[in-house]
Asker: 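Sharing a structure here in structure tokens format.
Below, chains carry the letters A, B, ... as their sequence lines are ordered, and counting in each starts from 1. Just so you know, these numbers use all the heavy atoms, side chains as well, and skip hydrogens, waters and symmetry mates.
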Amino acid sequence: MSLKVYNSLTRQKELFEPINPPYVGMYVCGPTVSGESHLGHARPFITFDILYRYLMHLGYKVRYVRNITDAGHFEEEGRAAEDKISSKAVLEKLEPMELVQKYTNMFHWAMNQFNNLPPSIEPTATGHIVEQIEMIKQIIADGYAYEANGSVYFDVEKFNTDFSAKGQPYGILSGRVLDEQIESTRELDNQEEKRNKSDFALWKNAPPEHIMRWQSPWGEGFPGWHIECSAMSTKYLGKAFDIHGGGMDLQFPHHECEIAQSTVCNHQMPARYWMHNNMITINGKKMGKSYNNVIKLSELFAGTHPILAQPYAPSTVRFFILQSQYRSTLDFSNEALQGSEKALKRLMEAFDWLMNFEHPINNSATNTDLNTKVIQLVNDFDTFMNDDINTAKVIANMFELVPVINSLKDKHIEASALDSNTYTVLKQQMKAFIVDVFGLQTNKADNNDKLDGVLQLLINMRKDAKQRKDFVTSDKIRNELTALGIQLKDEKDGGMSYTIQ
RNA sequence: GGUCCUGUGGCCGAGUGGCUAGGCAGAGCUCUGCAAAAGCUUCUACAGCGGUUCGAAUCCGCUCGGGACCUCCA
């Protein structure tokens with residue numbers, strides 16, 4: 001039973017072997033907090049949350065580092081390159097750090113809504129200016145970066161020449177050949193400062209109007225985007241760590257540049273396994289600002305975006321994402337989300353019943369075929385997760401178990417059909433994967449005892465009415481509760497249950 | 001233009017040489033005061049054309065369609 005993950009670097013599934021077991025170091029590129037997160041952003045953070053949880057489930061001690069990019073991220077739209085954070089701050093008349101705090105708070109709120117575990121360390125770029133400057137100094141000292149007008153650029157050409165000989169050319173991760181892309185790079189500002197178009201900024205000179213600025217050996221300025229991840233991953237995970245994750249769109253140039261910088265400073269490839277999640281699309285197109293098709297998470301949860309037919313609960317979105325394999329594109333549609341909503345509800349109701357079911361003690365199953373099948377379905381949870389985190393297949397198996405569970409509930413299947421061991425394993429695995437690994441929550445979490453008491457009272461009144469064949473009263477109770485978003489269900493054995501929407 | 005990915009039923013999606021994916025929607029039946037839920041049954045598939053093979057949704061080729069990246073990106 002061993003975990004295999006797809007390594008973007010080698011373009012194949014590889015056996016996962018930590019450098020220093022049982023410890024695992026995992027770095028995931030976090031958000032740029034200059035704006036609100038959208039549905040597309042949800043995918044990597046949910047995907048790598050599942051990986052984090054699964055690694056812990058396997059017994060690893062994981063240090064999960066996910067940064068907050070709160071400075072240094074360039075935005076160029078034909079105008080002078082400027083810091084994304086500070087330009088937005090001027091627009092909104094906020095202090096840069098005020099803006100950063102606002103969107104950081106919103107990001108944390110969304111992560112919490114999704115039931116993502118907080119990372120072990122969540123370092124900020126602005127909190128690691130010193131480390132970034134030190135790293136840049138070393139790259140210059142080693143001859144792989146040069147200063148021009150108060151900015152510092154990484155010499156990609158030199159790196160490529162020297163490290164190609166060592167089997168690590170620039171472009172090793174994304175499969176690009178440097179010579180081929182030199183002609184195709186688009187025009188950027190300050191291009192004349194660079195020796196080559198493919199060189200990227202490690203440090204940028206800050207023009208006078210730039211608010212976010214730090215002292216450096218090259219004058220006042222701000223760090224480039226790529227260097228923060230190299231500096232912070234090295235600081236907290238060491239020169240070589242196990243997993244580096246992020247969206248596929250970060251593979252080039254961001255991760256490629258990280259590899260180059262870190263390799264120069266640390267004399268080795270920073271991460272062993274590079275994992276990239278695919279994009280969420282909408283009508284087949286990547287969700288992104290430049291396509292003007294983003295659905296912000298707050299809009300998604302509130303149902304306020306024009307494209308949305310209804311609000312979608314965070315757990316529905318999480319489940320929707322888990323229904324596909326993380327390396328496939330996932331196409332958003334109302335129909336798909338509605339499907340996930342209903343599916344999740346059915347799964348969780350069966351799960352909740354199972355957890356409360358006091359199974360009989362019997363050493364031999366009366367239905368050995370079913371008994372064997374259940375064990376197989378449940379054991380395959382591990383098999384599928386070990387095959388590059390195939391949550392889709394795990395969920396498919398869970399849905400094969402749902403009719404079995406519901407049939408036990410409705411007594412279409414006798415409780416004696418399965419033996420005690422099977423019940424134990426079934427409950428353990430369902431709980432481990434639904435709650436611990438997938439992080440799915442029951443909606444009942446926000447109920448409270450008093451509300452439950454009130455509902456039990458109404459349920460009892462309705463039961464009495466039904467017994468008297470007073471269907472006017474029983475329907476009134478049911479219909480008015482339905483109008484309030486509380487659904488009553490008549491159970492097979494005469495009992496009643498409720499669910500709150 | 002370069003590099004790479006992809007095309008599965010009404011929708012979303014697993015899959016990878018032979019064995020039911022799964023979910024949602026649709027249809028029928030059972031249960032039921034009615035409804036809902038649930039259970040059972042069921043209908044729609046592998047873009048097209050060739051090739052390899054005893055056998056192809058899966059491998060190869062071509063054609064057509066969709067997408068990502070090529071220094072903002074999750």
Side-chain angles (χ1 to χ4, degrees), chain A residues 11 28-32 34 37-48 73-77 81 84 156 171 174-177 180-181 183-186 188 197-201 224-226 245-254 256-257 276-281 283-291 319-320 323-325 327-347 349-350 384 390-400 402-407 409-410 412-413 466 469 471 474-475 478-479 482 487-492 497 499:
Chain A
R11 293 168 187 78
V28 174
C29 291
T32 301
S34 62
S37 297
H38 60 70
L39 174 58
H41 297 129
R43 197 172 194 190
F45 305 129
I46 289 173
T47 298
F48 290 105
H73 212 147
F74 304 148
E75 187 172 49
E76 58 83 26
E77 288 172 338
K84 210 174 196 174
V156 171
S174 55
R176 273 156 226 279
V177 179
E180 285 175 356
Q181 60 183 90
E183 289 314 309
S184 62
T185 38
R186 49 175 152 142
L188 285 176
K197 277 187 181 175
S198 51
D199 294 351
F200 58 89
W225 174 32
H226 314 304
M248 262 181 193
D249 50 353
L250 297 184
Q251 210 168 332
F252 188 89
H254 185 52
E256 206 69 74
C257 296
H276 294 97
N277 64 277
N278 214 319
M279 302 292 104
I280 287 184
T281 58
N283 295 321
K285 282 245 192 306
K286 173 184 170 181
M287 186 174 289
K289 248 182 190 168
S290 37
Y291 296 103
F319 185 72
F320 171 65
Q323 275 182 299
S324 70
Q325 212 272 345
R327 286 192 295 115
S328 305
T329 53
L330 173 58
D331 202 48
F332 165 88
S333 69
N334 278 295
E335 226 178 333
L337 263 291
Q338 283 163 353
S340 294
E341 183 178 86
K342 290 196 174 173
L344 177 62
K345 191 175 172 215
R346 189 157 80 99
L347 176 65
E349 283 178 15
F384 297 149
N390 199 329
T391 53
K393 287 191 92 171
V394 175
I395 288 175
N397 269 25
M398 286 175 177
F399 275 103
E400 300 233 18
V402 164
V404 176
I405 295 166
N406 284 334
S407 294
K409 177 184 175 187
D410 291 345
H412 292 145
I413 297 176
K466 276 185 73 174
K469 302 223 183 288
F471 297 123
S474 76
D475 286 356
R478 185 176 66 195
N479 294 341
T482 303
Q487 189 182 44
L488 288 188
K489 287 184 212 165
D490 293 346
E491 304 290 340
K492 206 133 192 252
S497 65
T499 50

Asker: Any base atoms under 4.0 Å from A:F45, or only sugar-phosphate, or nothing? Heavy atoms, all strands.
Answerer: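 If one applies the 4.0 Å heavy-atom cut-off, A:F45 turns out to touch nothing in the nucleic acid.
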
Asker: Given the P atoms of B:G23 and B:U41, what is the spacing between them in whole Å?
Answerer: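 Per the computed distance, 12 Å lies between those P atoms.
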
Asker: Remember a base hit wins even if backbone is also touched, and classify A:Q325 as base, sugar-phosphate or nothing at under 4.0 Å, heavy atoms.
Answerer: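 Sugar-phosphate, no base atom in range.
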
Asker: Which part of the nucleic acid, if any, lies within reach of A:M398 when heavy atoms closer than 4.0 Å are counted: base, sugar-phosphate only, or nothing?
Answerer: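 A:M398: no heavy atom of the nucleic acid under 4.0 Å.
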
Asker: Spell out yes or no: do the side chain of A:R478 and the base of B:C34 have one donor N/O and one acceptor N/O closer than 3.5 Å?
Answerer: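 Per atom types, the contact qualifies.
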
Asker: At less than 4.0 Å, is any side-chain N or O atom of A:H41 found next to OP1 or OP2 of B:A74? Yes or no.
Answerer: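 Answer is yes, contact under 4.0 Å.
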
Asker: Contact class for A:G40 (heavy atom, under 4.0 Å): base, sugar-phosphate, or nothing?
Answerer: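 Base, at least one base heavy atom under 4.0 Å.
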
Asker: What does A:H276 touch in the nucleic acid at a heavy-atom separation under 4.0 angstrom: a base, only the sugar-phosphate, or nothing?
Answerer: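 Contact class for A:H276: none.
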
Asker: Would you say A:S324 and A:R43 make side-chain contact, with heavy atoms under 4.5 Å?
Answerer: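 A:S324 vs A:R43: side chains touch.
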
Asker: Does A:M248 reach the side chain of A:M279, with side-chain heavy atoms less than 4.5 Å apart?
Answerer: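 Side-chain contact under 4.5 Å: yes.
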
Asker: Which value, in whole Å, describes the distance between the P atoms of nucleotides B:C34 and B:C29?
Answerer: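 Result for the P pair: 14 Å, nearest Å.
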
Asker: Counting side-chain heavy atoms from C-beta on, which of B:U71, B:A68, B:G33 comes nearest to A:Y291?
Answerer: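 Taking heavy atoms from C-beta onward, the closest nucleotide is B:A68.
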
Asker: State whether A:N397 places a side-chain N or O below 4.0 Å from either non-bridging phosphate oxygen (OP1 or OP2) of B:A14.
Answerer: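 Negative; the distance criterion is not met.
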
Asker: Using Watson-Crick or G-U wobble geometry with both distances below 3.5 Å, tell me the partner of B:C46, or none.
Answerer: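 In the structure as shown, B:C46 has no Watson-Crick or wobble partner.
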
Asker: Please determine if a side-chain N or O atom of A:S328 lies less than 4.0 Å away from the OP1 or OP2 oxygen of B:A14.
Answerer: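 It does, given that an N or O in the side chain of A:S328 lies less than 4.0 Å from OP1 or OP2 of B:A14.
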
Asker: Does a side-chain heavy-atom distance below 4.5 Å link A:K289 with A:H38?
Answerer: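 The answer is no, as the side chains (C-beta and beyond) never meet within the 4.5 Å cut-off.
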
Asker: Given B:G39, B:G22, B:A74, which nucleotide is nearest the side-chain atoms of A:S407?
Answerer: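 Between B:G39, B:G22, B:A74, the one nearest the side chain of A:S407 would be B:G39.
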
Asker: Would the base of B:A35 count as contacting A:D490 through its side chain, where contact means a donor and an acceptor less than 3.5 Å apart?
Answerer: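 Flag set: donor-acceptor pair detected.
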
Asker: Going by the rule side chain to side chain donor-acceptor pair (under 3.5 Å), which residues pair with A:K489 if we only count those two or more places apart in sequence or in a different chain?
Answerer: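 Expected list: A:E349.
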
Asker: Atom CD of A:E256 and atom P of B:A68: how far apart are they, to the nearest Å?
Answerer: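 So the two atoms are 20 Å apart, to the nearest Å.
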
Asker: Using whole Å, report how far CG of A:N406 lies from P of B:A36.
Answerer: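 One finds 17 Å between P of B:A36 and CG of A:N406, rounded.
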
Asker: A:H254 versus A:C29: any side-chain heavy-atom pair under 4.5 Å?
Answerer: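 SC-SC contact between A:H254 and A:C29 confirmed.
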
Asker: Would you mind classifying the nucleic acid contact of A:E341 as base, sugar-phosphate or nothing, using non-hydrogen atoms under 4.0 angstrom?
Answerer: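 The residue A:E341 makes no contact with any strand.
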
Asker: Taking all non-hydrogen atoms of both residues into account, name the closest pair between A:F320 and A:D331 and its distance.
Answerer: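 Smallest interatomic distance, heavy atoms only, reads CZ-O, 3.6 Å.
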
Asker: At under 4.0 Å between heavy atoms, what does A:N277 touch on the DNA or RNA strands: base, sugar-phosphate, or nothing?
Answerer: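 The residue A:N277 makes base contact.
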
Asker: Side chain of A:Q323, backbone of A:S340: donor and acceptor closer than 3.5 Å?
Answerer: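 Side chain of A:Q323 to backbone of A:S340: no pair is present.
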
Asker: Using OP1 and OP2 only, check whether a side-chain N or O of A:K342 sits under 4.0 Å from B:G23.
Answerer: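 Checking B:G23 against A:K342, no side-chain N or O comes under 4.0 Å of OP1 or OP2.
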
Asker: Could you tell me how far B:C62 sits from B:C4 if I compare only their P atoms? Round to whole Å.
Answerer: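 Between the two P atoms, the distance is 14 Å.
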
Asker: Find the distance A:E349:CD to B:A36:P and express it as a whole number of Å.
Answerer: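 Taking CD of A:E349 and P of B:A36, I get 15 Å after rounding.
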
Asker: Under 4.0 Å, counting only non-hydrogen atoms across every strand here, what does A:F319 touch: a base, just sugar-phosphate, or nothing?
Answerer: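 The residue A:F319 makes no contact with any strand.
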
Asker: Mind checking who B:G65 pairs with, Watson-Crick or G-U wobble, both distances under 3.5 Å?
Answerer: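 Partner of B:G65: B:U6.
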
Asker: Under a 3.5 Å cut-off for both distances, is B:G1 Watson-Crick or wobble paired, and to whom?
Answerer: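 Pairing partner: B:C70.
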
Asker: If each of A:E335 and A:L344 is mapped to the nucleotide of RNA chain B with the nearest heavy atom, which maps nearer the 5' terminus, i.e. the 5' end?
Answerer: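 Nearest nucleotide further toward 5': that of A:E335.
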
Asker: Looking at the side chain of A:P44, which of B:U71, B:A74, B:A21 is the nearest nucleotide?
Answerer: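 Among the listed nucleotides, the one closest to the side chain of A:P44 is B:A74.
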
Asker: What integer number of Å spans the P atoms of B:U44 and B:C11?
Answerer: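 About 16 Å, rounded to a whole number of Å.
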
Asker: For A:F399 and B:G23, is the gap between ring centres under 5.5 Å while the planes differ by less than 30°?
Answerer: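 By the stated criterion, A:F399 and B:G23 do not stack.
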
Asker: Students often get this wrong, so: under 4.0 angstrom with heavy atoms, is A:K285 touching a base, only sugar-phosphate, or nothing?
Answerer: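 Result for A:K285 = sugar-phosphate.
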
Asker: Return the nearest nucleotide to the side chain of A:A396; candidates are B:A21, B:A74, B:U71.
Answerer: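 Nucleotide nearest to A:A396's side chain: B:A21.
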
Asker: Closest approach to the side chain of A:P403, judged atom by atom: which nucleotide of B:C72, B:G22, B:G39 is it?
Answerer: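 Comparing B:C72, B:G22, B:G39 against the side chain of A:P403, the answer is B:G39.
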
Asker: If you go through the side-chain atoms of A:D475, does one of them form a donor-acceptor pair with the base of B:G33 closer than 3.5 Å?
Answerer: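 Indeed, a donor on one side and an acceptor on the other fall under 3.5 Å apart.
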
Asker: Scan every strand shown for a Watson-Crick or G-U wobble partner of B:U30, both distances under 3.5 Å, and answer none if you come up empty.
Answerer: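 Across all strands, the one nucleotide that pairs with B:U30 is B:A38.
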
Asker: Could you check whether A:T329 gets within reach of a base, just the sugar-phosphate, or nothing at all, counting any heavy atom under 4.0 Å?
Answerer: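 Answer is sugar-phosphate: A:T329 comes under 4.0 Å of backbone atoms only.
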
Asker: Let me know the distance between CD of A:Q338 and P of B:G26, rounded to the nearest Å.
Answerer: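 Rounded to the whole Å, the gap is 12 Å.
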
Asker: What distance do A:N277 atom CG and A:Q325 atom CD have between them, rounded to the nearest 0.5 Å?
Answerer: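 One gets 10.5 Å once the value is rounded to the nearest 0.5 Å.
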
Asker: Can you check the distance between B:G28 and B:C43, where both ends of the measurement are the P atom (answer in whole Å)?
Answerer: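 The same atom, P, in both gives a distance of 15 Å.
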
Asker: Strictly by Watson-Crick or wobble contacts shorter than 3.5 Å, is anything paired with B:G18, and which nucleotide is it?
Answerer: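 Pairing partner, where one exists within any strand: B:C54.
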
Asker: Measuring only the P atom in each nucleotide, how far is B:C72 from B:A38? A whole number of Å is fine.
Answerer: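 Comparing P positions in B:C72 and B:A38 gives a spacing of 49 Å.
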
Asker: From NZ of A:K393 over to C1' of B:U20, roughly how many Å is that when rounded to an integer?
Answerer: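 Result: 13 Å.
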
Asker: Report the residue (A:A42 or A:T281) whose heavy-atom-nearest nucleotide on RNA chain B is the more 5′ of the two.
Answerer: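 Looking at RNA chain B, the more 5' nearest nucleotide goes with A:T281.
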
Asker: Would you mind classifying the nucleic acid contact of A:A343 as base, sugar-phosphate or nothing, using non-hydrogen atoms under 4.0 angstrom?
Answerer: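 Here A:A343 touches the backbone only, sparing every base.
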
Asker: Roughly how far apart, to the nearest Å, are B:U42 and B:G22 at atom P?
Answerer: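 Looking at atom P only, B:U42 and B:G22 are 12 Å apart.
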
Asker: Calculate the interatomic distance between A:D249 atom CG and B:A68 atom P; express it in whole Å.
Answerer: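 From A:D249 CG to B:A68 P: 11 Å.
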
Asker: Let me know the distance between CZ of A:F252 and C1' of B:C69, rounded to the nearest Å.
Answerer: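 The distance from CZ of A:F252 to C1' of B:C69 comes to 9 Å, rounded to the nearest Å.
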
Asker: Quantified in whole Å, what is the C1' atom distance between nucleotide B:U58 and nucleotide B:G7?
Answerer: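 It comes out at 14 Å once rounded to the nearest Å.
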
Asker: Of the nucleotides B:G13, B:C12, B:G23, which has the atom closest to the A:S324 side chain?
Answerer: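 That would be B:G13.
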
Asker: Looking only at heavy atoms, which two atoms of A:P253 and A:H226 are closest? And how far apart?
Answerer: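 Result for this residue pair: CG-CE1, 4.1 Å.
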
Asker: Taking only N and O in the side chain of A:R346, is any of them less than 4.0 Å away from OP1 or OP2 of B:C24?
Answerer: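 Affirmative; the distance criterion is met.
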
Asker: With the side chain counted from C-beta on, respond yes when A:L347 and A:V402 share a heavy-atom pair under 4.5 Å apart, and no when they do not.
Answerer: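 With C-beta onward as the side chain, the pair touches.
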
Asker: Between B:A74 atom C1' and A:K286 atom NZ, what is the distance in whole Å?
Answerer: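 The answer, rounded to whole Å, is 8 Å.
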
